[in-house]
Amino acid sequence: MELGTNFAAKLEPFLLISKSAKGAAAAKLIQDATSAQGVFVFAELLELPNIQELVNNEQHAPFFSLLQVFSYRTYKDYLANKDSLPQLNQAQITKLKHLSIVSLAATRRILPYSLLLQELQMPTIRDLEDLIIDAIYLDILRGKLDQKEQQLEIEYTMGRDLEPGKAEAVLAALKAWASTTASVLSALENKLAQIASYSTAVAMDNEEHDRAYNAILKDVSKDSKKRGPLTASGNLMRGGIDLADAMDVDEEPRMKGRK
């Protein structure tokens with residue numbers, strides 16, 4: 001199962017309530033949704049007319065901005081604008097820090113502890129590791145804590161809501177990725193074709209070598225039959241007699257006669 005599969009279902013009760021919530025009730029709904037356990041996506045809630053109306057209410061507009069932070073921004077963004085936003089409770093702080101890790105992982109697979117400590121304002125490495133472990137158990141991300149290298153190795157994360165105007169950039173990135181993938185696949189296919197062609201040529205060469213080798217063996221065999229069998233020392237035999245020995249025996253009387 002992919003990460004974040006059930007997150008949309010967790011938001012469903014808040015979507016139903018929002019149909020009749022206006023003003024202060026809608027602001028309270030945002031507080032509840034951003035505090036609720038297991039709710040990590042907020043785009044559908046953010047797009048509802050009753051929620052959108054909060055922008056025009058000076059008293060409740062900060063809650064709409066807070067929902068935007070939880071939808072596609074980070075804990076660091078919240079801290080930079082906290083004077084104009086509602087104060088967070090502990091559940092909201094933890095959730096926003098979890099979502100911030102997801103955003104950081106979108107740009108790099110290896111997240112050094114030093115970066116996370118700064119971005120999330122964590123007091124100690126132990127607190128940071130506990131936060132990451134919680135995120136893993138909540139199916140927000142999958143990864144490995146490398147305590148020796150002091151870093152988080154990201155394998156996979158849930159998807160966050162897209163900020164308005166960012167869809168085009170994401171589509172452009174996906175098109176670039178698709179183009180790069182197509183180029184890589186084309187290069188691999190060409191390489192495989194070259195390997196197949198080379199393998200065929202090698203097989204043909206081996207086959208030709210075997211034919212030539214067998215032909216030579218056949219010629220040698222025919223020649224051996226014409227000459228007669230060989231002795232262990234490689235000399236020809238005729239009638240069971242080593243011809244080389246016979247020549248040595250015949251040569252001895254001739255040498256004696258010359259003396």
Return yes if a side-chain donor-acceptor contact under 3.5 Å exists between Gln147 and Tyr113, otherwise no. no
Would you kindly say whether Ser35 and Asn89 are connected by a side-chain donor-acceptor distance under 3.5 Å? yes
Are Lys144 and Glu155 close enough for a salt bridge, meaning some N to O gap below 4.0 Å? no
Look at Glu119 together with Lys97 and state whether they make a salt bridge at an N to O cut-off of under 4.0 Å. no
Please tabulate, for the side chains in residues 197-205, all donor-acceptor contacts under 3.5 angstrom to protein atoms that are two or more places apart in sequence or on a different chain.
| from | atom 1 | to | atom 2 | distance (Å) |
| --- | --- | --- | --- | --- |
| Ser199 | OG | Ile195 | O | 2.8 |
| Thr200 | OG1 | Ala196 | O | 2.9 |

Ser71 and side-chain contact (heavy atoms from CB on, under 4.5 Å): which partner among Asp161, Leu45, Leu162, Thr34? Asp161
Which value, rounded to the nearest 0.5 Å, describes the distance between [X] atom [atom1] and [Y] atom [atom2]?
{"X": "Asp127", "Y": "Gln121", "atom1": "CG", "atom2": "CD", "answer": "13.0 Å"}
{"X": "Asn50", "Y": "Ile17", "atom1": "CG", "atom2": "CD1", "answer": "12.5 Å"}
{"X": "Leu104", "Y": "Ile154", "atom1": "CG", "atom2": "CD1", "answer": "9.0 Å"}
{"X": "Leu88", "Y": "Ile93", "atom1": "CG", "atom2": "CD1", "answer": "5.5 Å"}
{"X": "Ile140", "Y": "Arg160", "atom1": "CD1", "atom2": "CZ", "answer": "10.0 Å"}

Residue list, ring-ring contact (aromatic ring centres under 6.0 Å, His included) with Phe40, at least two apart or on another chain: Phe7
For residues [X] and [Y], determine if any side-chain heavy atom of one lies less than 4.5 Å from a side-chain heavy atom of the other.
{"X": "Leu99", "Y": "Arg73", "value": "no"}
{"X": "Gln92", "Y": "Phe70", "value": "yes"}
{"X": "Thr74", "Y": "Leu96", "value": "no"}
{"X": "Val102", "Y": "Met158", "value": "yes"}

Given side chain to side chain donor-acceptor pair (under 3.5 Å), test Ser84 with Asn81 step by step and report yes or no. CA-CA 6 Å; Ser84 60; Asn81 299 279; 4.9 Å; no
Under the salt bridge (Lys or Arg N to Asp or Glu O under 4.0 Å) test, which residues partner Glu208, sequence neighbours left out? Arg211
Can you label the angle between the Tyr75 ring and the Tyr78 ring as parallel, tilted or perpendicular, going by 30° and 60°? parallel
Taking atom CD as the centre, does Glu129 end up with more than 12 heavy-atom neighbours from other residues, nucleotides or ligands that are less than 6.0 angstrom away? yes
